[in-house]
Structures are given as C-alpha cells and as structure tokens.
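Inspection log for the structure reproduced underneath, given as structure tokens.
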Amino acid sequence: MLRILSSLVLLGALAYACQRDWDALHRRMHQHRAHNRHAKRAEVEYPPTLTETESILVNSFDNKSISDWSYYYTHGDHLGSHNKTMAEWTAQKWRDAGFDAWLEEFPIWVTYPEHSSLTLYRPDGTTHEANLVEEVLSEDDTSSYPNVIPAFHAMSASGNVTAEYVYVGRGTRADFQVLKDAGIELEGKIAMANYGAIYRGTKVKNAQDNGMAGCIIFTDPLDDGEVTEENGYDAYPDGPARNPSSIQRGSVRFSSLYSGDPTTVGWASSWDSPRGNVSVYNPSIPSIPLSMKDALPLLSALEGNGVSAKEANRSGWTGAFSNMTYDSGPTSGAVVHMNHLMKGWIAPVWDVIGVINGTSPDEVVVVGNHRDAWVIGGAADPNSGSAILIELAGAFGKLLQKGWKPKRTIVLGSWDAEEFGLQGSTEWVESHLPWLTSTAVAYLNIDIGVSGPRTAFSGSGEIQTFVIEQMKKILFPEGWGDFPTLYDMWYNVTEGEVSPLGSGSDYASFYQNGIGCIDIGSDGGETDPIYHYHSNYDSYNWMSKFGDPGFRLHAAMGQFLSLILYHIADDPLIPWDMPHAASVLESYLSELNDTVAESDFPDLDLTPLASAISNFTAQAEHVAQVAEQALAFNDTVMLGVVNSKYRDFSRGFASAGGLPGRETFRNVISAPGIDNGYGADVFPAVTDSINAGNEGPAGEWVEKSARAVLRAAEILKVGS
Ligand SMILES: *[C@@H]1O[C@H](CO)[C@@H](O)[C@H](O)[C@H]1NC(C)=O
Ligand SMILES: *[C@@H]1O[C@H](CO)[C@@H](O)[C@H](O)[C@H]1NC(C)=O
Ligand SMILES: *[C@@H]1O[C@H](CO)[C@@H](O)[C@H](O)[C@H]1NC(C)=O
Ligand SMILES: *[C@@H]1O[C@H](CO)[C@@H](O)[C@H](O)[C@H]1NC(C)=O
Ligand SMILES: *[C@@H]1O[C@H](CO)[C@@H](O)[C@H](O)[C@H]1NC(C)=O
Ligand SMILES: *[C@@H]1O[C@H](CO)[C@@H](O)[C@H](O)[C@H]1NC(C)=O
Ligand SMILES: *[C@@H]1O[C@H](CO)[C@@H](O)[C@H](O)[C@H]1NC(C)=O
Ligand SMILES: *[C@@H]1O[C@H](CO)[C@@H](O)[C@H](O)[C@H]1NC(C)=O
Ligand SMILES: *[C@@H]1O[C@H](CO)[C@@H](O)[C@H](O)[C@H]1NC(C)=O
Ligand SMILES: *[C@@H]1O[C@H](CO)[C@@H](O)[C@H](O)[C@H]1NC(C)=O
Ligand SMILES: *[C@@H]1O[C@H](CO)[C@@H](O)[C@H](O)[C@H]1NC(C)=O
Ligand SMILES: [Zn+2]
C-alpha cells in the first residue's frame, strides 16, 4: 500500500507542474484514480520500431546541445520582464532551425520587493533576525550572482506589522477552524503556515479572511519524504537532501479566480488598454516565504503554548523536524516584526512566437513553455522545457531541410511572466482569441520538463490514448531502474492514471477557452534527489549533478514531445480517441456523483448531465467509425470534415459562460479547485456551488454544464 501511495504521489507532482505538494496530490490521485484510468498495463514492443520520419526526429536529440541551451538559460536574470535579450536569443535559435520567429510584447502589472525584514522578539528579550536569503555555495556558480532575485511572493501586499504569531499547519480553511474552535484569537496576528497541500496564495487568503495581519509560509522537511538530513542524507551541494537555506518563492495571487495580468482580466493588455483595480485579485495582507532554517527559531518559540499538534489532529500539521512540537501558540510576548514594502507598476514582457506554416492553415497546433524563472537558474522550472523546445525546433528543422511541410501550422510559444500568474500566455491567448478559437487543434505544454525521472502528464480525454502510444516509442535512459521505454516509467509512476487540468501552468487560458490541452513533464519521487522548487538551487549545477546528470532525461522528454507534435501536425486524421474522451466524461460524472452523495445536497439531480454525456458518447462512437472509414478509403473530403470536428468540438465545453465568481474560467469539465488553487475539480461550477452551500445554482449549473456537453456533441455530429 505504501508503495502504491508513494508512486501516486510521484505522479501528482507533475500533474500540477509548478508545485510539489505531496499531500494534496495524494488525496487527489486517490480521488481520480478510481475513475479515469487506462486500465491494463500494455505489452510494449521492444525495441520500438519507428517510421523513417520518427527516427529523424528522435535521433536529432543531442544531450550535449541540450546541456548548452540549459547553460545559457540558467546564467542570467530572467524573471518576468527582466530579460528581452534572452527572448531575442530564443527567437534567433528558432529561426536558425527554419521557423519564422518574432517577439510579442505585453505590458503587465508586476511587483517587486523594495524592502523585506522579519525579526523574532522572544519573551526573554532575545531576538532573531531572519536571513531571507539563501547561502552562497562555492560549488554552485549562480548562487553568488550579485543580482540574485530576492525571495518574495509576487502580488503580495505591503505591510509593517508587529504582532504575535500563530502556527496554522498547512493553512487550509479547516486548519484555521481548528484554532477558532479552540478559542485561539487570530485577528490582528500573523499566520505561520507550512508550504504544501494547497496553493500558497490560498493560505494567504485564508489568513486574510480570518482577519490576520500578515502571513509567513515556510518550507518543512515534511515535503521531502525519505530524503532528509534527519534520515542521514547529505544536503545539497554535498548530497541529495534539501539545502536548509533554500526558500520557495512564488506568486500569492488568487489563482483560482483569474489568470494573466490582474489589471486586464478578460481582455488583452496593450499600452493603452483600460485597466482595473488589482485589489480584488491579490491579497491585502503582506506575506513572506521562509527557509526551514529560518523557521526553526519561530516554531521553537511557540512550544508548549496554544493548541498542540496532537489536539489539532490535522493532516500535515506535524512537520518532520523531530525536535519540534508544532504547537500553535501564540506565546505571550513572542512577537514577530514583519516589514515588507512591495512596489507595483506596469512593465513590458516578451513572448517569443515561432511558426511553420502548414498546408492547411486553418488547423494549428501550439506548443509552449514559459521562459521566465524565479531565480538566475531555473534549470528545471522552466528551462528544462525551454532547452527541450530549442532542440525540438532543430529536429523539425531537419525535416524542413528535406523539403517536408506539415499539414497543419505549428506554433511555438516561449512565454514570459508565467511565474507571476500565467501573464505571457494569457495575454497572448486573449490577443489572438478569434483566430485561436477558429483554428487551434490543441495546445501542448511543457513547463518543468525535468526535475527528476518520473514521467507523467495530464490533459484532455481525446488526446490521452495517442500520447500514451508515443511513450512506447521512446527509450528510457539507463540509470533510473529497469524501465526500457518511457511508457514503462510512466506506467510505474501512474498505474495508467491521467489527471484533469487545473491551472498550474500556461495551458490554463487555452483550456478555459475550449482548446484541448496536455501538460507533460517529469519529477522526482520519494527517494530521488530533492528538487529545490523556486529556489536559487534550481540551478544548472544541481541539474547536472543531481537532477539529470548527462541530460538524457531531457532528451527523452524532447523526443516524446516531438512525436506528439509531429503526429498531431501531420497525420491525415487528427489522432484523437473520441470514445475515450466520452469515457473520461463518464468518469468525471461518477466523481461528481460521489461529491454530491457526500454533500449537503445528496438529492441533487444529475440526470441532465448523465443524459448529455450519453448523447456525447453516441456521437463520439459514431464519428470514430466515420473517421476509421475515411482513413481506410483515403476519403480526403470526409477526413477534412472529421478533422474540423476534432478541432472544434471541445469549444462546446466552454460555451456556458464564466463559471460562478470567475468570468474567465469557462470550461465546464475541469478548473482549479476554488479552495485548492492548483489541483482540478471536475464539473467545477457544480462542485463550487455545492461547496458554497448554494443548491439552486448547483442545479442550474448541472443544466448549463449539460448544455455545454450537448453543444460539444452537436459539433461532433456527422451528417445522418
Ligand atoms: C539575460 O540572460 C542571459 C542568458 O542567461 C544573460 O547572459 C544576460 O546577462 C541576461 N540579461 C540581464 C539583463 O540580466
Ligand atoms: C514600521 O513599524 C515600526 C514600529 O512598529 C516603526 O518603528 C517603523 O518606523 C515602521 N517603518 C516604516 C517604514 O513604516
Ligand atoms: C483599489 O481598490 C482598493 C480597495 O477598494 C482601494 O483602496 C484603492 O484605492 C483602489 N486603487 C485604485 C488605484 O483605484
Ligand atoms: C483525528 O482525526 C481523524 C480523522 O480526521 C479521526 O478519525 C480521529 O478520531 C481523530 N483523532 C482524535 C484523537 O481526535
Ligand atoms: C532541531 O533540529 C534541526 C535539524 O535537525 C537543528 O538544525 C536545530 O538546531 C534543532 N533545534 C533545536 C531547538 O534543537
Ligand atoms: C505563413 O502564413 C501567414 C498567414 O497566411 C503569412 O502571413 C506568412 O507570410 C506565412 N509565412 C511564411 C514563411 O510563408
Ligand atoms: C514500479 O517499479 C518498482 C521498482 O522496480 C516495482 O517494485 C513496482 O512494482 C513497480 N510498480 C508498477 C505499478 O509497475
Ligand atoms: C551525454 O551522454 C553521454 C552518455 O550517453 C555522456 O557520456 C555525456 O557526458 C553526456 N553529455 C553531457 C553534456 O552531459
Ligand atoms: C451515483 O451515486 C448513487 C449512490 O449515491 C448511485 O446509486 C448511482 O448509481 C451513481 N450514479 C452514477 C452515474 O455513478
Ligand atoms: C442527442 O443526439 C440525438 C442525435 O443523435 C439528437 O437527435 C437528440 O436531440 C440529442 N439529445 C438532446 C437532449 O439534445
Ligand atoms: C490519399 O489521397 C491523397 C489525395 O487524393 C493523396 O495525395 C495521398 O497520397 C493518398 N494517401 C494514401 C495513403 O493513399
Ligand atoms: Zn514553471
């Protein structure tokens, strides 16, 4: 059982690319696994047989050049809006490969700390000044750059607060409730939460909603599983355990409410755009991230006071420092002074767009990765993906040199400012929406391409089967166990499970406008080297010594993405599995059914949705038969008809208007959980309404979601 649980944890870590939140993933994987599962482990032909074109693509990947691209990306400040040169360099690399490439500029709201300090005053009069910076390591060249990015929370508010503080566990709503039930006064105090389980911005929001004056979020070794110093592993740079000074940066925007520039939610940002007030979308209290080293004195000063960890009895409350009790406090006279001054202004960011025109220009496949990183390095997040995209452009360049032209137009996107809140991709989608809506066949995302060896992906139902088939064609590099192909590793990690899409990375705006998406990547598991997420140690040195020595995982992920892109762009029939898409909807319905059964409204009638899904299933099966025949008889007219249906049907899922309270989230099939922020809820408008205690709207959204599914079914319908 333990084994299975830990492998599920591995899977989840990727599914929500920009995080590593074991607890939530645990739960979520459990939830989804019963439902959407590619049941049996398939036999894999070994060695795989590739077509000539597939071989050209796959053989084009060179670990040496990937390492060079990685080195370039990880040796200069490239926080969102900071590095136009890097955007131009990327465009030039794509041009060298044969793509048309240019920059698109968007002015967005950015934030940066002007001053940050945090001091603990103990009851005995002694003080401790938190470091708020990571140690310089002689082994890791970029840790000593003079322009290292400070550890801060993007979109945080300013504040100068002196107050008692309370440990709140993971900082979920239920955690705060435990404290309130125990009579602990929260108002005006500072919350101290550990990272994990839910999105960091939700922790800040929960603190704010409880009247608290500030929020500290720290890293606890609890999130590091087996690989901790207490378990005898050396810390980075000497070994695979976490360096105790590492700090997780990150945005604290209210991510389940919007994506993109918070001053232009719902429209594209340009220099003369009208702009709204950011205050509804971002916290009003200051927050600061802390290393585990800096957290210890604060935790220690709470010992023996408030609610004990045992009384709290909450998941993730007791951390992994065996010498800490994790009592809530407050401790009378133990006070934190937090002085945090943030600046905000409008600054330009630069997306890079690269294009190969197809022979059918009304069908377009978009592949994207963000380029901006939280730190000078960013070797995993996101530049493992960026290095892979350059090598992928080169692989397609080899085909172009042979006179090849894809059937469908290929668009590469190198997005800026993902880390502040998916700004680069969202503004691009918003500024090209009519064109994307009429032409986009799919969006393929790679964010953290490699932060460990465990492969996983999440995505739309129709694309899954085909993506799994491509994994069987990729040899898995030696050194991470006995996994001959990528498929073998993937199956080992996921047992065939594919999770739905939330909003952890740049696919969000595409998906929320009804474009089918997948998100691929690989992460570390319980016994792999600790990936220092959003920390200075997500560096080239870490990657080349611990994450992917030899850059062969990078090559494998790139080969995988190339085959996916090649087939979607060039196959006579877009390779969707529509009956599988239908069965994924069935599985989400059964998940919703479970949610309803456990809710306050167990009698909520789901029949409209069930019947819409059966209608969709019938159309899916029918169109699949038509497609098979069209292919068998090379009936190009019918293939064209089916392809346009495969391209368009998922727009139906986004046809019911904005989800309650979040206008720019429109996909009725899945969206980030309101209270979780990263992970996805299925049939989110219904789930949200149930969770908010609104039975009327829940019923209305069953109807509206059903109509959206019927709209998709109607688009799929072929003649009579
Ligand atoms: C931009 O990134 C490149 C490559 O990492 C680096 O050489 C350059 O110094 C960076 N530019 C700035 C302004 O930091
Ligand atoms: C912050 O608050 C402290 C006392 O609470 C005060 O001494 C200090 O001047 C304030 N700093 C700023 C920049 O307002
Ligand atoms: C934005 O809204 C907040 C809260 O309502 C208000 O205090 C602030 O002045 C507004 N800012 C602008 C620029 O309108
Ligand atoms: C702790 O919580 C679990 C589940 O939430 C419950 O089953 C258990 O009885 C609780 N233990 C105590 C001591 O309250
Ligand atoms: C608790 O353990 C950590 C790590 O093992 C150590 O760094 C710290 O000094 C200890 N703290 C106390 C108060 O003993
Ligand atoms: C690609 O197609 C677009 C739109 O039709 C056109 O403007 C552009 O010039 C074409 N690019 C190339 C390199 O042919
Ligand atoms: C995954 O691999 C481990 C180690 O090789 C093995 O013990 C386990 O059974 C595998 N799990 C699956 C689901 O194949
Ligand atoms: C590329 O992989 C080979 C082994 O296949 C290895 O010897 C070499 O060091 C790797 N190159 C880089 C730059 O890591
Ligand atoms: C929904 O759950 C109920 C029990 O709560 C069960 O009887 C019914 O079969 C389920 N329906 C679906 C479609 O899963
Ligand atoms: C379901 O699909 C059929 C066509 O196969 C259509 O005639 C019928 O109206 C659809 N049902 C609903 C409720 O739209
Ligand atoms: C299918 O038909 C098209 C156009 O008629 C032709 O170019 C193509 O070679 C045919 N494909 C096969 C596999 O026969
Ligand atoms: Zn990322």
Side-chain angles (χ1 to χ4, degrees), residues 15 17 353-358 360-369 385 388-389 392 396 406-413 415 425-426 428-429 432-447 457-471 498-501 503 505-521 557 560-578 580-582 584-585 620 623-624 627 639-640 642-654 666-667 669-670 712 715-716:
I353 302 300
V355 175
I356 305 176
N357 280 341
S360 304
D362 55 350
E363 292 172 357
V364 173
V365 192
V366 187
V367 187
N369 154 260
I388 285 168
L389 270 204
L392 173 145
F396 281 84
K407 178 167 160 49
R408 306 182 179 91
T409 292
I410 294 174
V411 174
L412 299 186
W415 316 121
S425 58
T426 302
W428 189 77
V429 167
H432 297 280
L433 195 53
W435 173 70
L436 283 169
T437 303
S438 57
T439 61
V441 170
Y443 172 68
L444 318 175
N445 193 60
I446 182 166
D447 183 335
F457 77 96
S458 50
S460 305
E462 69 278 8
I463 318 182
Q464 296 175 6
T465 311
F466 152 75
V467 166
I468 292 167
E469 287 310 305
Q470 306 319 302
M471 287 192 210
V498 181
S499 37
L501 292 165
S503 70
S505 190
D506 290 306
Y507 52 80
S509 295
F510 293 89
Y511 186 67
Q512 291 303 327
N513 283 296
I515 296 167
C517 295
I518 58 160
D519 183 34
I520 72 167
M557 291 305 288
F560 173 40
L561 184 58
S562 296
L563 294 192
I564 297 173
L565 173 59
Y566 166 66
H567 286 287
I568 299 179
D570 211 35
D571 282 3
L573 172 67
I574 297 170
W576 292 173
D577 181 345
M578 291 313 304
H580 182 72
V584 167
L585 292 186
V623 75
L639 280 171
V642 172
N643 281 334
S644 67
K645 292 180 177 298
Y646 281 11
R647 178 193 63 197
D648 295 339
F649 81 95
S650 54
R651 303 309 180 257
F653 298 145
R666 300 155 56 88
N667 197 316
I669 307 303
S670 72
I715 298 171
L716 270 186

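Note that these values count all heavy atoms, side chains included, but never hydrogens, waters or copies made by symmetry.
Using a 4.5 Å heavy-atom cutoff, the side chains of Asn643 and Lys407 are in contact. Side-chain contact between Ile669 and Leu585: present, with at least one pair of heavy atoms (C-beta onward) separated by less than 4.5 Å. Contact of the Val467 side chain with the Phe560 side chain is registered, since non-hydrogen atoms from C-beta on lie closer than 4.5 Å. Using a 4.5 Å heavy-atom cutoff, the side chains of Leu412 and Leu392 are in contact. Looking at Leu561 and Met557, their side chains never come closer than 4.5 Å, going by heavy atoms from C-beta outward.
Relative orientation of the Phe649 and Phe653 rings is perpendicular, given thresholds of 30° and 60° on the angle between their planes. Using cut-offs of 30° and 60° for the angle between ring planes, the Phe510 and Tyr443 rings count as parallel. Below 30°, between 30° and 60°, or above 60°: for Trp428 and Trp415 the angle between ring planes is between 30° and 60°, a tilted geometry.
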Practice problem: Evaluate side chain to side chain contact (heavy atoms under 4.5 Å, CB included) for Asp362 paired with Arg408, printing each intermediate quantity in order. | Solution: CA-CA 8 Å; Asp362 55 350; Arg408 306 182 179 91; over 6 Å; no
Quiz item: Leu436 and Val366: side chain to side chain contact (heavy atoms under 4.5 Å, CB included), yes or no, with the steps?
Solution: CA-CA 9 Å; Leu436 283 169; Val366 187; 4.2 Å; yes
Self-check item: Derivation of the side chain to side chain contact (heavy atoms under 4.5 Å, CB included) call for Ile564 and Ile518
Solution: CA-CA 10 Å; Ile564 297 173; Ile518 58 160; 4.0 Å; yes
Practice problem: Using the side chain to side chain contact (heavy atoms under 4.5 Å, CB included) rule, take Asn513 and Val429 through it: C-alpha gap first, then chi angles, then the decisive distance, then the call. | Solution: CA-CA 9 Å; Asn513 283 296; Val429 167; 3.7 Å; yes
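Taking Glu462 as the reference, nothing meets the salt bridge (charged side-chain N to carboxylate O under 4.0 Å, His left out) condition, with sequence neighbours excluded.
The minimum heavy-atom distance linking Ser644 with Glu363 is given by the pair N-OE2, 4.3 Å. Smallest separation of non-hydrogen atoms from Thr437 and Arg651: O-NE, 2.8 Å. Nearest heavy atoms, Tyr646 versus Leu716: CD1-CD2, 4.4 Å. Between Ile446 and Asn369, the shortest heavy-atom distance links the atoms O-ND2, 2.9 Å.
Counting only N and O atoms by type, the side chains of Ser499 and Ser458 include no donor and acceptor under 3.5 Å apart. No side-chain donor-acceptor contact under 3.5 Å links Ser505 and Asp519. For the residue pair Ser670 / Tyr511, a side-chain donor-acceptor distance below 3.5 Å is found, with atom types taken as modelled.
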